[in-house]
Protein chains: 2
Amino acid sequence: MSTRERIVEAAFALCAERGFDATTVDDVARRAGVGRSTFFRSFASKEEVILPELDALLGAVEARLAAARPESDPNAAVLAVTEAARLVLQHYLDEGERARTRYHLVSSVPSLRTREVAGQIAFQRVFRTFLGTWLGPDAENELRAELVANAIVTGHNFVLRRWLRGLTDTPTEDFDAAMAMVRTVMPAPFGRAIAPSPTLADRARRVAADLEALLPALHDLGPPEE
Amino acid sequence: MSTRERIVEAAFALCAERGFDATTVDDVARRAGVGRSTFFRSFASKEEVILPELDALLGAVEARLAAARPESDPNAAVLAVTEAARLVLQHYLDEGERARTRYHLVSSVPSLRTREVAGQIAFQRVFRTFLGTWLGPDAENELRAELVANAIVTGHNFVLRRWLRGLTDTPTEDFDAAMAMVRTVMPAPFGRAIAPSPTLADRARRVAADLEALLPALHDLGPPEE
DNA sequence: CAGATTCACGGTACTCAGTACCGTCGAGTA
DNA sequence: TACTCGACGGTACTGAGTACCGTGAATCTG
């Protein structure tokens with residue numbers, strides 16, 4: 001188990017015992033068997049131990065959006081943002097119980113909640129930036145991009161939260177339904193111009209096309225580093 | 001000038017000189033001619049000095065929404081949220097230059113930005129809560145309420161930001177236009193079922209009706225306290 | 001008017017997050 | 001063996017936020 005993982009485990013264990021506020025960084029470091037310096041070398045703040053990997057997720061979303069080729073048709077744009085959001089949802093679904101305990105912790109601690117919200121804003125920003133460049137520079141288009149970006153993130157959060165609270169066992173289906181509603185809510189050239197809910201085959205085709213467009217850039221990057 | 005105001009003035013002056021991070025609470029208290037205890041008795045945190053009155057604004061918005069009587073027709077609901085958002089915009093417009101200097105400060109200081117975002121979430125929460133109760137309990141309606149609430153706040157922020165950055169001299173007209181676009185983006189029973197842009201007379205009638213509905217509750221409250 | 005109460009304020013002392021800096025130990029390298 | 005490099009632990013510091021107490025002036029009360 002790496003140093004980072006040991007620290008995370010210690011932090012979650014202590015927070016479960018005494019709560020987040022009553023847990024000091026010294027406590028966590030001692031329980032993890034590391035020095036205080038090492039703690040802050042691994043995590044920028046006390047909050048980041050509970051909410052790590054936001055940056056990694058953000059990078060994944062950005063990569064997915066950068067791989068999209070929406071110049072040809074606006075369908076690809078909608079699909080790209082949808083699939084990028086699905087990436088985030090899937091990440092939390094894969095985490096399973098850890099995501100649920102984190103949710104309850106974050107819900108009850110203001111400083112954690114604030115930190116999480118800051119992360120969501122970062123996601124909205126990425127979506128907005130891409131949508132903005134795809135739509136072109138114009139005050140109206142900027143507002144459109146922002147509305148769509150926020151709608152996507154809101155829809156995603158809605159489904160994720162329901163799953164975290166145990167209100168649904170079919171999060172991916174819910175996500176499809178939520179995105180369908182989000183699409184009805186999109187201004188032109190998105191939304192109503194588009195077929196109501198693309199089939200799985202459609203989605204697969206789109207993703208394949210996007211991936212193909214991504215391949216040259218991937219080759220330029222060379223082999224993975226670690 | 002009250003103690004609070006003296007502290008705020010001192011804080012803005014010092015932040016203009018050295019920046020927010022380089023300004024300590026002791027500095028602000030000394031410049032304002034008060035003790036450190038008094039500072040934290042007047043403001044809960046260092047950030048709150050730069051971003052005060054968020055709570056007051058939130059209360060005004062809540063009161064405006066509580067005064068709406070949307071049971072009769074959904075038009076009143078859309079109008080209420082629009083006018084409540086306009087309340088916030090107007091507040092910043094009235095502040096004038098102070099709002100602009102605050103904007104530049106907040107934009108460049110992460111901790112202030114985080115605090116501001118937390119405030120926006122609070123606004124979204126209020127809008128969502130009212131819209132949710134108006135729409136009735138149902139998973140789909142909850143999502144609708146959230147989408148509409150976010151769209152309203154997004155539209156408001158968009159216009160406000162453009163005005164703060166000096167990109168427009170007609171913020172109220174821009175706000176009308178933005179809300180028109182937000183309306184096109186609303187799911188049923190809002191949005192497209194509604195006349196595109198209500199006239200001033202319409203708006204006045206609605207506000208008058210809402211106010212009349214509010215009167216009994218006002219009488220119950222008794223005379224103002226200060 | 002004298003005594004009691006209230007309250008806003010200043011001062012002190014403390015906890016704890018976050019930063020800067022330094023010394024150390026072990027692994028890889030010439 | 002001698003050198004470098006990077007991860008680690010330890011120490012000391014700054015500054016936000018909290019808890020608590022004493023004081024003085026204003027207000028209430030008999």
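Letters A, B, ... are given to chains in the order of the sequence lines, protein chains preceding strands, and every chain is numbered from 1.
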Lys46(A), nearest nucleotide to its side chain (from dC9(C), dG18(C), dC16(C)): dG18(C)
Expressed in angstrom and rounded to an integer, what is the separation of Ile7(A) atom CD1 from dC8(D) atom C1'? 11 Å
Within residues 107-116 of chain B, find the residues that approach DNA chain C with a heavy atom at under 4.0 Å, and present them sorted by residue number. none
Given dT14(D), is OP1 or OP2 found less than 4.0 Å from the side-chain N or O atoms of Thr24(B)? no
List the atom pairs, donor and acceptor, that lie under 3.5 Å between side-chain atoms in residues 149-157 of chain B and the rest of the protein, sequence neighbours left out.
| residue | atom | partner | partner atom | Å |
| --- | --- | --- | --- | --- |
| Asn150(B) | ND2 | Thr154(A) | OG1 | 2.4 |
| Thr154(B) | OG1 | Asn150(A) | ND2 | 2.5 |
| Thr154(B) | OG1 | Asn150(B) | O | 2.6 |
| His156(B) | NE2 | Leu89(B) | N | 3.3 |
| Asn157(B) | ND2 | Gln120(B) | OE1 | 3.1 |
| Asn157(B) | ND2 | Val153(B) | O | 3.4 |

Can you list everything that forms a side-chain contact (heavy atoms from CB on, under 4.5 Å) with Ala118(A)? Sequence neighbours excluded, please. none
Looking only at side chains, do Asp174(B) and Thr170(B) share a donor and an acceptor under 3.5 Å apart? yes
Do the numbers put Arg98(B) on top of the ring of Phe12(B), so that NZ or CZ is under 6.0 Å from the six-membered ring centre and no more than 45° off the axis? yes
If you draw the axis of the six-membered ring of Phe39(B), does the NZ or CZ of Lys46(B) fall within 45° of it and under 6.0 Å from the ring centre? no
Could I get the full list of side-chain hydrogen bond (donor to acceptor under 3.5 Å, both in side chains) partners for Ser111(A), not counting sequence neighbours? Glu47(A)
Taken in chain and number order and not counting sequence neighbours, the residues that satisfy salt bridge (Lys or Arg N to Asp or Glu O under 4.0 Å) with Arg41(A) are none
Using atom CD1 of Ile50(B) as one end and atom P of dA16(D) as the other, report the distance to the nearest whole Å. 13 Å
Could you tell me how far apart Asp21(A) (CG) and dC16(C) (P) are, to the nearest whole angstrom? 11 Å
Can you measure Asp26(A) atom CG to dA12(D) atom C1' for me and round it to whole angstrom units? 14 Å
Before giving the answer on side chain to side chain contact (heavy atoms under 4.5 Å, CB included), spell out for Tyr103(A) and Arg165(A) the whole-Å C-alpha distance, their side-chain angles and the decisive distance to 0.1 Å. CA-CA 8 Å; Tyr103(A) 170 69; Arg165(A) 295 168 67 182; 3.1 Å; yes
Does any residue of residues 30-45 of chain B have a heavy atom under 4.0 Å from DNA chain C, and if so, which ones, in number order? Gly33(B), Val34(B), Gly35(B), Ser37(B), Thr38(B), Arg41(B)
Roughly how many Å is it from CG in Asp27(B) to P in dT14(D), rounded to a whole number? 14 Å
